[in-house]
Protein chains: 2
Amino acid sequence: MLETTDERAGMPALSAAQGRAATSGGAQKRRAGRPSAAVLDKAGITSAALKLVSRKGYDGLTMAALAKVLDVAPSALYNHVASKHDVLLLVEDHLMSLVDVSGFGGSSWEDAVRTWAWSYRDVFAEHTPLIPVIAVLPVTDAPQTLAMYETVSKGFSDAGFPQDRIVPSIVALESFIFGSAYDVTAPEDIFDAGSMAESTPYFTAAVRHSASGQEASAGQERGRPADTAFRLGLEALIAGFGAIRK
Amino acid sequence: MLETTDERAGMPALSAAQGRAATSGGAQKRRAGRPSAAVLDKAGITSAALKLVSRKGYDGLTMAALAKVLDVAPSALYNHVASKHDVLLLVEDHLMSLVDVSGFGGSSWEDAVRTWAWSYRDVFAEHTPLIPVIAVLPVTDAPQTLAMYETVSKGFSDAGFPQDRIVPSIVALESFIFGSAYDVTAPEDIFDAGSMAESTPYFTAAVRHSASGQEASAGQERGRPADTAFRLGLEALIAGFGAIRK
DNA sequence: ACCACTAAATGAATGGCATTCATTTAGTAG
DNA sequence: CTACTAAATGAATGCCATTCATTTAGTGGT
């Protein structure tokens, strides 16, 4: 009990506890005490948190704001999650189900990794504040995350990876993906040396030429500087790891 | 004025504004009003922040705690930095000077990159809360950071990299380094699937075999799981990027 | 020598935040 | 009927970054 309350359905995650704030104008407040029908559950909290994040960003994700969206007192949340960190874990695990692992099983190992890595990066580029949470998250209590690892592990195994290289390879790819997700959110002028440009001639020249290298792919899909760097690194990792297979 | 106050010396960064709290028992408080000799400066704030972090971690780095270490009222800090974020930038830039770029110029490009990447990862593994700050930090107001980029850019240029590939290559390496820094801090049992192990056979097997792969290097230098993954990824990137050179 | 200005400190707010606790009410097991 | 547990409210609590009015000290100009 206590943890199994909402894991039954798995996917839908948008079931109970909606509409009150939407249908009623949020007018008459609930009186104190347990309501006849439960207002909150983990699935509802998760989807409300996602809505809130997409509207207001992670700065706007406060327990108070979350409670307001759910038309509930902030303290009520603590009957369902132990802390704000818990809420972030719920969100994180939900996002993992959005990562595209469909290539494993169908496509070649190389193409499967490409599809997986790009979608993984894209998902978390929109949620970089979760990266410190994920990167250190024991997988135990994150079913979607575990499911992703299982699919990817099987893909590597089927591709002929020696057993003892599978986890390190995945970890290395993930590290690259997390770092690259930050890169997506960096400002365009991140490498503008400003007034110190004269004292850094090599760097300044390299930045200038990378910009002109970009012009070729202007208006293209995946043509931002962050995409160029990601593609370059990813292809190197795929080539390097591909050579490990027997 | 206003920004140039402490950039003069560059390296030492441990000069002014010390000892007051250490020598005097912190007994008699300073009376209000500007003191004859300035108590605070950026170098002092930076080194106090570093001390505080090493003693109490980043959770312990609060403006109040920092003020206490410096024997000053919290509001006094705001005469020297605009925000806590500013303090983090000072710390970040100082840490960049600890990254070992000495390989560029002496060693082969491969060895220089190895030295640089390992030390970069090691430094920030101890300071992961700064990663979200760095990854998105315009380089303009971070002199040490800029200096590092200059040295590395020159190393890549001298090694025969085409100009338009230098920045993307460095960015890709950095992304991998940042992600890998998190990995160092992950708990040992991060991949323990717990009760769900039966439903994830491929993943569970891979985790088991990666553990036994580790035993070989038990007690070794750079033998932790995070080190294995980092080496694997780094060597793949070096090999892949090395092929770009003309 | 005086005056205006700026720089650097104190100390007292301010508002936001996560979290806790006492209380109330509703279902449920014996 | 009676405990007990679950799920809500609402009123604290304590911490945190930041701001502001005030005080004092040095500095440049006349």
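All figures in this text were calculated on a predicted structure; none of them were measured in a lab. Each chain gets a letter, A, B and so on, in the order its sequence line appears, and its residues count up from 1.
The nearest whole Å value for the distance from the NZ atom in A:Lys56 to the P atom in C:dC17 is 11 Å. In this entry the distance linking CG of A:Leu88 with P of C:dA18 reads 10 Å, nearest Å. We find that NZ of B:Lys42 is positioned 15 Å from C1' of C:dA8, with the value rounded to whole Å. As rounded to whole Å, 12 Å separates atom P of C:dC17 from atom CG of A:Leu66. Taking atom CE of residue B:Met63 and atom C1' of nucleotide C:dG11, one finds them 16 Å apart after rounding to whole Å. Rounded to whole angstrom, the span from the OH atom of A:Tyr58 across to the C1' atom of C:dC17 amounts to 18 Å. Per the geometry, CG belonging to A:Asp71 stands 12 Å off C1' belonging to D:dT9, to the nearest Å. Between the NZ atom of A:Lys68 and the C1' atom of C:dG16 there is a distance of 13 Å, rounded to whole Å.
Taking the side chain of A:Arg34 as heavy atoms from C-beta on, and the options C:dA26, C:dA8, D:dT9, the nearest nucleotide is C:dA26. With distances taken from any side-chain atom of A:His80 to the nucleotides D:dA7, C:dT19, C:dA9, the minimum falls on D:dA7. Of the candidate nucleotides D:dA6, C:dT10, C:dA18, C:dA18 has the atom nearest to the side chain of A:Lys84. Here C:dT19 is the nucleotide among C:dT19, D:dA8, C:dA7 with the atom lying nearest to any side-chain atom of A:Ser83. Closest contact between the side chain of A:Thr62 and the listed nucleotides C:dA18, D:dT9, D:dT5 involves C:dA18.
Donor-acceptor pairing under 3.5 Å, judged by distance alone, is present between the side chain of A:Asn79 and the base of D:dA8.
Residue B:Arg30 has a polar side-chain atom (N or O) positioned under 4.0 Å from OP1 or OP2 of C:dT10. Within the structure, every side-chain polar atom (N or O) of B:His85 is placed at least 4.0 Å from both OP1 and OP2 of D:dA17.
Summarising the geometry, atom CD1 belonging to A:Ile45 is positioned 8.5 Å from atom NZ belonging to A:Lys42; distances are rounded to the nearest 0.5 Å.
With DNA chain C read from its 5' end, the first of the two nearest nucleotides for A:Ser75 and B:Pro74 is the one closest to B:Pro74. With the nearest nucleotide of DNA chain D identified for both B:Ala37 and B:Ala82, B:Ala82 has the one nearer the 5' end.
No salt bridge links A:Asp183 with A:Arg224; every basic N to acidic carboxylate O contact stays at or beyond 4.0 Å.
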key: Worked check of side chain to side chain contact (heavy atoms under 4.5 Å, CB included) between B:Trp116 and B:Leu173   = CA-CA 10 Å; B:Trp116 170 69; B:Leu173 279 161; 4.0 Å; yes

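Using cut-offs of 30° and 60° on the angle between ring planes, the pair B:Tyr58 and B:His127 is perpendicular. In this pair, B:Phe124 and B:Phe178 present their aromatic rings perpendicular. The plane angle is above 60°, beyond the 30 to 60° band.
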